[in-house]
Amino acid sequence: MAAAAHEREEVVLLSEQPEWSDVQPIPQCEGVEPVVQILYDKEYSDAMGLLRAVMRRGELSQRTLHLTSVIIFMNSAHFTVWEFRRCILHSLNSKREWISELDFMKEVNSMNTKNYQLWNHRRVVVETLMPSGGSGNGPALKVDTIETYTLKDEFDHLGEIFAEDAKHYHAWAHRQWLVRTYGCWDKEMTFTKELIKEDVYNNSAWNHRFYVIMNGFLGDHQGGNDDVFVNEVMYCLECLKGSEENESVWSFLLGLLLRANHVGTSQYLQVLEILFKFVKVTQKQSKTRAVRCVFFDASLCYQLALRVLGHVKDTGDFWKRLDLDAAKLLHQAVDNWRLLKSLDPTREASYEIKEGLAK
């Protein structure tokens, strides 16, 4: 212990190194009598003092880039340091430096993978190395390396992340940004299907699949795609076999049905008929596993009724063209809320409120 303490005392501060002899660190202003002064490590305080000094004089150089590396390894959540690092990289305008950022981020990721600043920085690095259609406004990078980086490399990196944590929020958000920015929607359906096959309860995969369908296939700007819509519903029913209580699938189905107002009415009505039959069969087979499907039935009927009655703002006349009986749908919703009070007494008060709204 004594040896370790002595070794720590022997650490040479950055400001004491010859490279920084021309810079006077600026200490953090704590006021005359700070109430609750934060006791930073000596090395961290020294490095931050140097950072304040070089930021004040606007120095964007290799040594300031290294300085930000040192501080990020001490405190990877420091937003200002990350932002200053990007300013330095843009100023250096070197492809080699931007490629090197990939290794740097890999090291930071190994310390703290769920770091907002890290993933925000990654977007900038990726788009700098692979400018999308509308982002090539800055100067072209100085080509000082033959190394390249592709979308496949980035998706491979995400694959490694998902192999360790298939529900990694930041990685999923980054993947959504990737497919939206570069328009690479096609392979996402297969990708999510593989993850769902491994774990049908992976809500992150279901959420991403919904995002892809709504933005790449069935969204307002895409027009109708009856085959995709019908196939997705049938796929969901297949996934529900043996996991009827799976909230992820039911939520996916409900969102799909309430936003698929660009498909053909005949296909939509056909799907509704199949779903209502599936709910009845599931309910009869196992009352203990029927809560989620009955809840889905009630929610769907109630939401459809609101749309048929024009209580939900929507474009077009799709819901009216379905020619559904709103009163019948509301009655079915009320019956289901009442049933749920006995099937799921823990949430009885919630179902009571919903029943009152549907009456």
Original post:
With distance as the sole criterion, is a donor-acceptor pair present between the side chains of Thr113 and His170 under 3.5 Å?
Top reply: no

Subject >> Beyond-backbone contact of Leu340 with Glu355, side-chain heavy atoms, under 4.5 angstrom >> reply: no

**OP:** Applying side chain to side chain contact (heavy atoms under 4.5 Å, CB included), name anything that partners Asn93, two or more places apart in sequence or on another chain.
**Re:** Pro139, Leu141

**OP:** Flag the pair Glu83 and Arg86 as a salt bridge only when some basic side-chain nitrogen lies within less than 4.0 angstrom of an acidic carboxylate oxygen.
**Re:** yes

Original post:
Between Thr68 and Leu65, is there a donor-acceptor pair closer than 3.5 Å when you use the side chain of the first and the backbone of the second?
Top reply: yes

Original post:
Can any side-chain N or O of Ser299 pair as donor or acceptor with the backbone N or O of Phe296 at less than 3.5 Å?
Top reply: no

**OP:** State, without any angle test, whether His78 and Gln117 hold a side-chain donor-acceptor pair at a distance under 3.5 Å.
**Re:** no

Original post:
Aromatic ring centroids of Trp337 and Phe295 under 6.0 Å?
Top reply: yes

Original post:
So, are Glu352 and Lys341 salt-bridged, with charged N and O less than 4.0 Å apart?
Top reply: yes

Subject >> Ring centers of Phe73, Phe104 separated by less than 6.0 Å >> reply: yes

Subject >> Cation-pi, Phe191 ring and Arg175 (6.0 angstrom, 45 degrees) >> reply: yes

Subject >> NZ/NE/NH1/NH2 to OD/OE distance under 4.0 Å, Arg63 and Glu19 >> reply: no

Subject >> Trp82 (side chain) donor-acceptor with Ile72 (main chain) under 3.5 angstrom >> reply: no

Original post:
Hey, any chance Val308 and Phe276 share a hydrophobic cluster, counting ILVMFWY side chains that come within less than 4.5 Å of each other, even indirectly?
Top reply: yes

**OP:** Check whether more than 12 heavy atoms from other residues, nucleotides or ligands sit under 6.0 Å from atom CZ of Arg56, and answer yes or no.
**Re:** no

Original post:
Is a salt bridge present between Asp144 and Lys95, judged by a nitrogen-to-oxygen distance below 4.0 Å?
Top reply: no

Original post:
If Ile, Leu, Val, Met, Phe, Trp and Tyr residues are connected whenever their side-chain heavy atoms lie under 4.5 Å apart, and connections chain through other members, are Phe229 and Leu269 in the same group?
Top reply: yes

Original post:
Ignoring hydrogens and geometry, is there a side-chain-to-backbone donor-acceptor pair from Tyr268 to Leu257 under 3.5 Å?
Top reply: yes

Original post:
Do NZ/NE/NH1/NH2 and the carboxylate oxygens of Lys42 and Asp46 come within less than 4.0 Å?
Top reply: no

Original post:
Going by atom types alone, do Arg338 and Tyr351 pair a side-chain donor with an acceptor below 3.5 Å?
Top reply: no

Original post:
Are a donor atom and an acceptor atom from the side chains of Gln303 and Arg307 found within less than 3.5 Å of each other?
Top reply: yes

Original post:
Do Glu127 and Arg123 meet the salt-bridge criterion of a basic N to acidic O distance under 4.0 Å?
Top reply: no

Original post:
Taking atom OH of Tyr169 as the centre, does the number of heavy atoms from other residues, nucleotides or ligands within less than 6.0 Å exceed 12?
Top reply: no

**OP:** Using a strict 4.0 Å threshold on nitrogen-to-oxygen distance, state whether Arg292 and Asp344 make a salt bridge.
**Re:** no

Original post:
Any side-chain donor paired with an acceptor under 3.5 Å for His157 and Asp153?
Top reply: no

Subject >> Ser248 backbone acceptor or donor facing Ser251 side chain under 3.5 Å >> reply: no

Original post:
Counting distance only, does the side-chain N/O of Asp226 pair as donor-acceptor with the main-chain N or O of Gly264 below 3.5 Å?
Top reply: yes

Original post:
Within a radius of less than 6.0 Å around CD of Glu247, do more than 12 heavy atoms belonging to other residues, nucleotides or ligands occur?
Top reply: no

**OP:** Answer yes or no: is there a side-chain heavy-atom contact under 4.5 Å between Val233 and Leu275?
**Re:** yes

Subject >> Backbone of Leu67 reached by a side-chain donor or acceptor of Thr64 within 3.5 Å >> reply: no

**OP:** Quickly, which of Tyr235, Trp250, Trp172, Tyr211 forms a ring-ring contact (aromatic ring centres under 6.0 Å, His included) with Trp206? Name it, please.
**Re:** Tyr235

**OP:** Would you please name every residue forming a side chain to side chain contact (heavy atoms under 4.5 Å, CB included) with Asp199, sequence neighbours left out?
**Re:** Lys167, Tyr201, Asn202

Original post:
Among Arg259, Lys193, Arg209, which residue meets the salt bridge (Lys or Arg N to Asp or Glu O under 4.0 Å) test with Glu232?
Top reply: Arg209

**OP:** Provide the closest heavy-atom pair for Leu178 versus Phe155 in the form atom of the first, atom of the second, distance.
**Re:** CD1-CE2, 3.9 Å

Subject >> Backbone of Tyr44 reached by a side-chain donor or acceptor of Asp41 within 3.5 Å >> reply: no

